[in-house]
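In each ligand, atom 1 is the first atom listed, and ligand 1 is the first ligand listed. Values below: every heavy atom of this structure, side chains too, minus hydrogens, waters and symmetry copies.
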Amino acid sequence: MFSFFKSQSKVIDLSFLSVDMHSHLLPALDDGASSLNDSISLIKELHTLGYKKLICTPHVLSGIYDNTTDKIKNAFTLLNNELQRQNIPVEIAAAAEYMVDFDFELMVDKKLPLLTFGKKYVLIEMSYVGASPNIEKVIFNLRVAGYVPVIAHPERYNYYHKNFKYYHELKERGCLLQLNLLSLMGYYGGYVKKIAEQLLHKQMIDFIGTDLHHQQHLMAIKKFVATTHFAALMRNTSFLNNTL
Ligand SMILES: [Fe+2]
């Protein structure tokens, strides 16, 4: 567990996190990087920002992004080979961002192997329109199977904003929480920003992720990270990123 250096007044990069564990950098699998060249240019810039390791988490969403484990592993191999060929000193790993939908429930029920990172962490997300109907059952089944569910960007689920105690409940049920860096700068709107700050101040956030899809995200992150506001937000915080 890393503590941000308390007396530092300004963050110049993201090397204090060292590892990003939520990104859409594998080529042509989802609404993230569209090609191998696109992946490489995003990765080079993330490296410049201070990341040493990037865990790639393409969407797995039935009927929209039907990414199988094999498909993800193939895209990973392609990208990893190209990084090595170009001598780009960034480690990458492959996991997934699983939408908690009917097919994911089935995968968990059937005990099919899931793509994980760190200590059997599984990144899961829900629709922005409404919570997955069986979310608590899925969390329970994941825990029974030995996984640790990591809730992707909980601050972005508007339906929990007026029920803040549910965030505590998710943690009590054994979930870890992953905040999107961009939520803190208001990229997804004022309400999301407010909840993001609350979660951060209450020290409920376990991971910070870029959830990087494209250049616009990267430009916004670069701009935000250079501010004293970001430095102030990160003061006295600690995350699990650099344990990965
Ligand atoms: Fe994502």
Side-chain angles (χ1 to χ4, degrees), residues 14 17 19-34 38-39 42-43 45-46 49 51 53-69 71-72 75-76 79 92-101 103-104 107 114-118 121-132 135 138-139 142 147-160 167 170 175-189 192-193 195-196 199 205-221 224 239-241 244:
L14 292 165
L17 290 172
V19 182
D20 187 26
M21 41 60 71
H22 184 168
S23 64
H24 299 266
L25 298 167
L26 294 182
L29 286 184
D30 59 9
D31 53 348
S34 56
D38 195 14
S39 305
L42 291 169
I43 288 173
E45 296 202 58
L46 285 168
L49 269 170
Y51 285 115
K53 180 177 176 182
L54 303 165
I55 297 167
C56 305
T57 51
H59 290 288
V60 176
L61 167 54
S62 289
I64 298 178
Y65 303 117
D66 291 310
N67 285 318
T68 60
T69 295
K71 214 169 154 184
I72 292 170
F76 166 80
L79 179 57
I92 60 166
E97 181 180 16
Y98 293 102
M99 173 62 73
V100 179
D101 55 19
D103 284 333
F104 182 67
M107 277 183 87
L114 300 172
L115 285 163
T116 65
F117 60 99
Y121 301 133
V122 177
L123 187 66
I124 57 172
E125 69 168 341
M126 290 185 286
S127 158
Y128 298 121
V129 179
S132 305
I135 183 65
V138 173
I139 289 169
L142 281 169
Y147 295 110
V148 178
V150 178
I151 309 284
H153 38 65
E155 75 280 5
R156 296 193 64 192
Y157 305 129
N158 296 351
Y159 41 86
Y160 289 151
Y167 292 117
L170 286 170
C175 295
L176 299 179
L177 303 183
Q178 175 260 307
L179 189 83
N180 274 14
L181 190 56
L182 287 169
S183 296
L184 290 169
M185 72 171 285
Y187 189 91
Y188 311 104
V192 171
K193 180 174 185 266
I195 295 292
L199 288 166
I205 296 302
D206 302 284
F207 295 104
I208 295 254
T210 63
D211 197 2
L212 195 94
H213 285 69
H214 42 62
Q215 284 289 342
Q216 286 95 307
H217 283 161
L218 196 63
M219 284 190 296
I221 288 170
F224 183 43
F239 307 107
L240 295 172
N241 288 63
L244 297 172

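Inclusion of H24 in the first shell of the Fe ion (ligand 1) is supported: an N, O or S atom falls under 2.8 Å.
Here Y188 contributes atom OH and Y128 contributes atom OH; the two are 7.0 Å apart, rounded to the nearest 0.5 Å.
Within D211, the N/O/S atom positioned nearest the Fe ion (ligand 1) carries the name OD1. Of all the N, O or S atoms in E97, the one closest to the Fe ion (ligand 1) is OE1. Minimum-distance N/O/S atom of H22 relative to the Fe ion (ligand 1): NE2.
Looking at heavy atoms from C-beta onward, H217 lies in side-chain contact with L182 at the 4.5 angstrom threshold.
Close placement of the Y121 and F207 rings is indicated, their centers lying within 6.0 Å of each other.
Between Y147 and L114, the shortest heavy-atom contact is OH-N, 3.3 Å.
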